[in-house]
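Working notes, structure below.
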Amino acid sequence: MGGLYVTDALGFQQQSHADLYQLSSSLLKQWAAGLINLQITDSGRVNDYGGIWCPADKAVHGRVGDTIYPFFYLAAKTNNSKYIDASVLLYRWMENRVSQPDGSWLNEPVKGSWKGTTVFAAIALAEAVKNHGALMDTQFKNDVTARLKKAGDYIYNNFSLEYGNINYPVTASYGLSLLGELLDVPQFKVKGKELAHQGLQLVTKKDALLSGEGGPLYKASKKGCFSVDLGYNVEESLPALVLYGLLTKDEEVLEAVTRLMQTHMEFMLPDGAWDNSWGTRNYKWTYWGSRTSDGCQSAYALMANRDARFYKVALKNTQLMQQCTKDGLLYGGPHYIAHRVTPCVHHTFSHIKALTNILEYGDPTTKVNADKLTLPREESYGSRFFTDIQTWLIAKGNYRATITGYDREYKDTKNGHATGGALTMLWHQKTGPLMVASMNEYQLFEAGNMQPDTDPFSMSLTPRIELKINGLLYMNISDLGAIIETQNEGDKLTVSTKSKLVDKNQQSPASGEINCEVSYSFTNEKVTLKFSYDKTIHADKIKIIFPVIAKATEKIGVIASNKLNIHKDSALVKVSANHPIVQLSSNNGRVFNFVPGYEAIPFFIAQNQAAIELEVLPGVNSRRVFSRFPAIPGHQ
C-alpha cells in the first residue's frame, strides 16, 4: 500500500491514511500462509493429520476447523485450490478428533471438553457453504450440510441465555439464524431471534454495557456491579448481534447494538488497544483484544455507516494486530516477540474470521479519512466514571489512565482482575503503556486456551502494596471493598483510594487489618502515585511494587538512588521517588506477563509514605546506563 507513514507510540510504522480493507486483505493472506505452513500433511501422524499445529502448545487445538471459512474465501479470491485442499483436510480432522454423536464439536480433542464452541464451528462452516458452496465438490458439500443440521439441532436443543457466558447464547442468535436460512429450518430462526432479544435484557441500566460474562446474571455485587468483560463483548458478542441484525434486518437489535458499541468504544486506547484491564475474563486479555475470541472488526467495520468512528475503531485495532504479527502468526501482545515467547496459533485462526467477514460483507468502496475522526479517549476530557463496573477513565494531556474498584469476580475465581482502587492502565501518547495491570495471580482458568507461565520470577504487573507472610499474599489490589473518590484542583486531577491488605479470600493478616491509602494525581505534564499503609509489625516485609513497562532493549539511565530515566524509542520516561528505588530479581532485568503481553521493569520501594513521579519527555541521553539495577540483599 502506498501512502504517508508515521511512527506510533509503540515504535511501529503505520499508514496515516491507511485503508481498512486493503490492510485486512493483506493481513488475511499473511495469516492464512502462516496457518497453512503449520498444517499437518503427514498421514502417518494419525491423530494430528489435517490439523493445524500450535507451536506454543505442541498440539492441535479443537477449533482449528473455524479456518475453513477464511480458506474458502481465499480460494474464491485467488483461484488457488490449495485453500480448498487445506479445508478438506481440516474438516476430516474435525470429524475424526472433535466431532460428537450428539452433533457437537469439542473445544479440544479431550474427553469431556467444553461443547459450547460448536456454535463457532457451525457459523464458519455455514458461511463457507453459503458464500462459496460452488467451489465445493458435491459430496463434500452434502457432507458438510448434513453435519450442519446435526450441529444446529445441538445448539437449538441446548443453548439458552443461561448456557455458558453471554457470548454463547448471543452468538447462537446469529448461528441459528444463519443455519435456519441456509438449511431452511424455520424453528432455528425463531430461536435465533429469541436469543438475540433475550441478550439485550442483560444491557446494564446506567452505562449500557453488556453483562453476562460470568454470573449470577441478575444479582448485583455489593457495589451494584454485574459481570462485564470488554474483550469478549467487543470481539464476540457485539459482532454476533451485528451479524444477526444485518442478516435478519432486525432494526431493534441494530439500534441497541449501535448504542452498545458506542459505550464499549470508550475503552479503546488511541493506539487501537482494548483496555480490558478490569474485565471479568481479563485472564485472556491480549492488549489488542482477547486470546480466543474472533475480533471487533465484524461489528465496528460493518456498522460504520451508523457512526463513522466505528471505521476508525476497526482500522486502529487491525493496525495493532498487524504490528503484533510475525511470520504469518498473530502474537498475543506487543512484547511477545521481544521476550521470545512462542505464539499460540489460536490467536491467528480465531481473528482471521473477523477479517474475512468484513471483506465478505463490508463496503470497501466507502472511503473514510480516519485522521479526521476522534475516538473518545483521544480527547483530553478529564475523567469519566462507569458506575456499573466501578471504573474511572482518566484523560489528562497526553496521559490516559484506568482506575478500578470493580468488585465482580469471574464465577468462583479469586485474585483474577485487579481491584481495590488499582491503577490498571497508565498510557502516554509518546510511549504507549507505562503501567498496566495483569491478573493478581496468573492462573490457568482455561488451561486449553491459555499459555503456562514457567518463569520463576513471574509476577503481577499491577502497581500495588504487597505483604508476603507465612506463605500467604496480601495486596491492596485484591480488596473488593475499596472506596474511591476523585477531586479536581486547578489543572490537577486526583483519584484517592482507601483499601486494605487482604488475601484472595478477602481476609486480613492474623495480626489484624492493615489499611492503605493510595492516590494518583494527573497533570498535563506528569503523574504522581502516593502509597501509604498503617504501622504494623510486618512493616519490614511490605513492599510498594510498581513495574514500569519497558522492553529489555530499552535502557535504564541511573541518575541517583531515587531517580532514573528509561530510554524509549521516541521519548524519555523520568521516574523519581522520595525513597530509594530498588529492582526485584528477574532473568534479564524484565518480568513478562501473558496478560496482556508486556515486559516490565519490576521496581519496588521498601519504605512507607512513598511518592513516585513519572514524566514523559522527548528522548535525551542520560549520564549512566545500566540494563538492570544492582540487587539489594534481603529484598529479592
Side-chain angles (χ1 to χ4, degrees), residues 394 396 399 401 403 421-428 431 433-437 459-467 475-477 492-497 499 501 516-536 539-550 554-568 571-586 589-591 600-617 620 622-636:
I394 308 298
K396 190 73 173 173
Y399 291 100
I403 296 157
L423 176 67
T424 59
M425 175 64 68
L426 178 61
W427 186 98
H428 191 276
T431 64
L434 291 167
M435 292 180 171
V436 64
M459 60 180 287
S460 171
L461 302 185
T462 314
R464 63 196 180 276
I465 303 174
E466 177 179 295
L467 167 65
M475 300 185 293
N476 69 307
I477 59 171
K492 183 170 71 172
L493 171 63
T494 300
V495 181
S496 302
T497 76
S499 57
L501 290 185
C516 305
E517 292 191 8
V518 182
S519 69
Y520 317 101
S521 296
F522 303 87
T523 67
N524 290 341
E525 292 74 34
K526 64 184 178 182
V527 177
T528 304
L529 288 64
K530 294 182 178 179
F531 299 84
S532 65
Y533 48 86
D534 287 348
K535 292 181 179 179
T536 170
D540 61 331
K541 295 182 176 64
I542 294 179
K543 294 185 178 72
I544 293 168
I545 300 176
F546 59 105
V548 178
I549 301 300
E554 294 173 338
K555 301 299 183 182
I556 306 171
V558 180
I559 309 303
S561 64
N562 65 335
K563 294 181 180 180
L564 60 101
N565 295 332
I566 301 172
H567 295 257
K568 291 184 171 286
L572 182 75
V573 181
K574 296 179 64 177
V575 183
S576 61
N578 61 339
H579 295 296
I581 300 172
V582 190
Q583 185 173 337
L584 288 163
S585 294
S586 59
R590 302 293 186 275
V591 290
I601 311 168
F603 293 128
F604 79 95
I605 290 175
Q607 301 288 330
N608 200 348
Q609 305 293 331
I612 302 152
E613 289 187 353
L614 291 94
E615 185 175 4
V616 177
L617 300 172
V620 295
S622 66
R623 296 183 301 181
R624 301 172 62 201
V625 175
F626 296 88
S627 61
R628 62 180 294 169
F629 272 55
I632 293 181
H635 291 285
Q636 303 307 305

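Everything numeric here is computed off the predicted structure, so don't read it as measured data.
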Interatomic distance, Met435 atom CE to Leu529 atom CG [nearest 0.5 angstrom]: 5.0 Å
Examine distances only and state if a side-chain atom of Tyr399 and a backbone atom of Glu525 form a donor-acceptor pair shorter than 3.5 Å. yes
Apply side chain to side chain contact (heavy atoms under 4.5 Å, CB included) to Asp534 and list each qualifying residue two or more places apart in sequence or on a separate chain. Ile514, Asn515
Rounded to the nearest 0.5 Å, how far apart are CG of Asn565 and CD of Glu615? 10.0 Å
Interatomic spacing from NZ in Lys396 to OG in Ser521 - rounded to 0.5 Å: 11.0 Å
Ile566 backbone acceptor or donor facing Glu554 side chain under 3.5 Å: no
Heavy-atom side-chain contact between Tyr520 and Thr497 under 4.5 Å: yes
List the steps, then state whether side-chain contact (heavy atoms from CB on, under 4.5 Å) holds for Ile465 with Ile544. CA-CA 5 Å; Ile465 303 174; Ile544 293 168; 4.3 Å; yes
What pairs with Thr424 under side-chain hydrogen bond (donor to acceptor under 3.5 Å, both in side chains), at least two apart in sequence or on another chain? Ser277
Residues at least two apart in sequence or cross-chain that pass salt bridge (charged side-chain N to carboxylate O under 4.0 Å, His left out) with Glu517, listed by chain then number, are none
Quick one: list whatever passes salt bridge (charged side-chain N to carboxylate O under 4.0 Å, His left out) with Lys526, sequence neighbours left out. Glu613
Could you tell me whether the side chain of Phe546 reaches within less than 4.5 Å of the side chain of Val575, counting heavy atoms only? yes
Determine yes or no for a side-chain-to-main-chain donor-acceptor pair under 3.5 angstrom, with Ser586 supplying the side chain and Val591 the backbone. no
Measuring from Thr462:OG1 to Met475:CE, what's the distance to the nearest 0.5 Å? 8.0 Å
If you look at every heavy atom in Ala550 and Ile601, which pair is closest and at what distance? CB-CD1, 3.8 Å
Could you walk me through whether Lys492 and Thr528 pass the side-chain contact (heavy atoms from CB on, under 4.5 Å) test, one step at a time? CA-CA 10 Å; Lys492 183 170 71 172; Thr528 304; over 6 Å; no
Contacts of Ser496 that satisfy side chain to side chain contact (heavy atoms under 4.5 Å, CB included) - sequence neighbours left out: Thr494, Ser519
Using every non-hydrogen atom in the two residues, find where Ala600 and Pro602 come nearest and quote the distance to one decimal. O-CD, 3.5 Å
So, for Ala571 and Thr431, which heavy atoms are closest and what is the spacing to 0.1 Å? CB-CG2, 3.8 Å
Calculate, to the nearest 0.5 Å, the distance between atoms CZ and CD1 belonging to Phe531 and Ile545 respectively. 10.0 Å
Take Ile549 and Leu434 through the side-chain contact (heavy atoms from CB on, under 4.5 Å) test and state the conclusion after the steps. CA-CA 5 Å; Ile549 301 300; Leu434 291 167; 5.7 Å; no
His579 backbone acceptor or donor facing Asn562 side chain under 3.5 Å: no
On a heavy-atom basis, the closest approach of Pro433 and Trp427 is N-CD1, 3.5 Å
Ignoring hydrogens and angles, tell me if any N or O in the side chain of Arg464 forms a donor-acceptor pair with the backbone of Ala422 under 3.5 Å. no
Shortest non-hydrogen contact from Pro547 toward Met459: CG-CE, 4.1 Å
Please determine if Glu466 and Lys543 form a salt bridge, counting it only when a charged side-chain N lies under 4.0 Å from a carboxylate O. no
Sequence neighbours left out, cut at 3.5 Å: what donor-acceptor pairs do the side chains of residues 603-612 make with other protein atoms?
unit_1: Asn608; atom_1: OD1; unit_2: Tyr533; atom_2: N; d: 3.0
unit_1: Asn608; atom_1: ND2; unit_2: Tyr533; atom_2: O; d: 2.7

Roughly how far, to the nearest 0.5 Å, is the CG atom of Leu493 from the CD1 atom of Ile394? 4.5 Å
Apply side-chain contact (heavy atoms from CB on, under 4.5 Å) to Ile542 and Leu501, showing your working. CA-CA 10 Å; Ile542 294 179; Leu501 290 185; 4.1 Å; yes
Which residues satisfy the side-chain hydrogen bond (donor to acceptor under 3.5 Å, both in side chains) test with Ser499, sequence neighbours excluded? none
